[in-house]
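Reviewing the structure listed below.
Every heavy atom of this structure was used, including side-chain atoms; hydrogens, water molecules and symmetry mates were not. In this chain, residues are counted from 1 in sequence order.
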Amino acid sequence: NQISKIQCFIVENAKVSRHFLKQVNPKIIWDNVLIFEMDKHQIQSQNNEILNLMKQHRLVGLMSDAGLPCIADPGNHVVRIAHENGITVKPLIGPSSIILALIASGLNGQSFKFHGYLPSKPEERKQSISALEKICKESTQLFIEAPYRNEAMFSDLLKTLSPETRLLIASDICGENEYILCKTVKWWREYPIQIGKIPCMFAIGA
């Protein structure tokens, strides 16, 4: 399985993580596995260590004690470091594309809301985007769009949002052409993409 291929894990609790890994892979050789424990109260002080781990290892796993990493658990800061340094983020199979997108966003996983579809009419859609941006600093805002309107949504997001707001584009999650990237609107304006007519999750946050 994919977990057995990973030789470096960033974890919430080393003891709990070792117990889980031993259950998943009874033949695990601990000399070949690095367990790095997050200081969830001062995680920013570990930025350089975390980035070095990502650069030194081809695969780095992020583990939570229970549930899912980044969802009411520490870890989104680790994911953000990956995005900011051009390192691919891939969520393993989970309960839904909404949660998988949030896990892989680096945005606030403590407080979030999924809105489904925003209005299809351009002016109403822009008003809705503006309203969501006003609350996205406190709570991550997630939404979807009909695939044939992806490009219109993306265009309106870039036109409406402030340059420093962070925007997640997560398309074809767990598919062959999976694309997940969370950057500032300013960055997206400089490096726009063509999403195409495929399922896509959008999210905005601070």
Side-chain angles (χ1 to χ4, degrees), residues 10-13 38-44 47 50 61-84 87-120 124-147 149-150 153-154 156-158 160-175 178-188 193 195 198-206:
I10 298 173
V11 305
E12 187 175 354
N13 182 288
M38 289 182 280
D39 181 348
K40 52 190 173 184
H41 301 296
Q42 307 221 9
I43 193 169
Q44 292 190 354
N47 278 8
I50 291 171
L62 175 62
M63 291 179 61
S64 174
D65 282 2
L68 293 167
C70 310
I71 307 300
D73 267 318
N76 67 293
H77 186 73
V78 175
V79 175
R80 179 171 293 191
I81 291 173
H83 281 296
E84 291 178 346
I87 297 167
T88 300
V89 176
K90 181 174 178 59
L92 298 182
I93 299 300
S96 77
S97 60
I98 301 167
I99 299 301
L100 290 176
L102 184 57
I103 289 173
S105 71
L107 299 174
N108 183 1
Q110 303 290 332
S111 177
F112 56 91
K113 185 173 182 180
F114 175 62
H115 295 270
Y117 294 93
L118 300 190
S120 59
E124 293 180 7
R125 183 167 57 226
K126 290 177 184 177
Q127 290 175 8
S128 183
I129 290 170
S130 295
L132 295 183
E133 185 176 36
K134 291 178 181 178
I135 57 175
C136 76
K137 289 183 179 180
E138 288 75 36
S139 179
T140 299
Q141 306 297 306
L142 301 105
F143 45 94
I144 56 176
E145 184 53 280
R149 284 201 297 261
N150 279 342
M153 171 63 81
F154 187 43
D156 283 347
L157 287 167
L158 297 190
T160 308
L161 295 171
S162 301
E164 299 310 313
T165 294
R166 299 183 74 84
L167 169 62
L168 168 74
I169 304 296
S171 62
D172 195 28
I173 298 175
C174 293
E178 180 181 78
Y179 180 92
I180 301 174
L181 193 60
C182 187
K183 294 284 191 179
T184 64
V185 170
K186 179 181 179 181
W187 188 92
W188 282 116
I193 61 167
I195 300 174
I198 55 178
C200 183
M201 284 289 309
F202 301 89
I204 58 174

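Panel note: side chain E145, backbone F143; no donor-acceptor pair is recorded below 3.5 Å. In terms of modelled atom types and a separation under 3.5 Å, the side chain of H77 and the main chain of N47 share no donor-acceptor contact. A donor-acceptor distance shorter than 3.5 angstrom exists from the side chain of T140 to the backbone of N108, with no hydrogens or angles considered. Panel note: side chain Q141, backbone C136; no donor-acceptor pair is recorded below 3.5 Å.
For T88, there are no side-chain contact (heavy atoms from CB on, under 4.5 Å) partners, not counting sequence neighbours. Scanning for side-chain hydrogen bond (donor to acceptor under 3.5 Å, both in side chains) contacts around R125 gives D156, with sequence neighbours left out. Under the side-chain contact (heavy atoms from CB on, under 4.5 Å) criterion, P119 pairs with E124, S128, not counting sequence neighbours. For I71, the side-chain contact (heavy atoms from CB on, under 4.5 Å) partners at least two apart in sequence or on another chain are L68, I99, L102, I103, F112. Among residues two or more places apart in sequence or in another chain, the side-chain contact (heavy atoms from CB on, under 4.5 Å) test is passed with E138 by none.
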Practice task
Begin with the C-alpha distance, continue with both residues' side-chain angles, and end with the deciding distance and a verdict on side-chain contact (heavy atoms from CB on, under 4.5 Å) for I43 and I50.
Solution key: CA-CA 9 Å; I43 193 169; I50 291 171; 4.2 Å; yes

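The shortest distance between side-chain heavy atoms of L118 and L132 falls below 4.5 Å. In this structure the side chain of M153 never reaches within 4.5 angstrom of the side chain of Y117, judged on heavy atoms. Contact of the I129 side chain with the F202 side chain is not registered, since no non-hydrogen atoms from C-beta on lie closer than 4.5 Å.
Residues L62 and G75 share a closest heavy-atom pair of CD2-O, 3.7 Å. Of all heavy-atom pairs spanning P199 and P147, the tightest one is N-CG, 4.3 Å.
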Which donor-acceptor pairs under 3.5 Å do side chains of residues 161-170 form with protein atoms, sequence neighbours excluded?
{"residue": "S162", "atom": "OG", "partner": "E133", "partner atom": "OE2", "Å": "3.2"}
{"residue": "T165", "atom": "OG1", "partner": "E133", "partner atom": "OE2", "Å": "2.5"}

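Summarising the local packing, NZ of K90 is surrounded by more than 12 heavy atoms from other residues, nucleotides or ligands at distances under 6.0 Å.
A side chain to side chain contact (heavy atoms under 4.5 Å, CB included) with C70 holds for exactly one of V78, L107, N76; it is N76.
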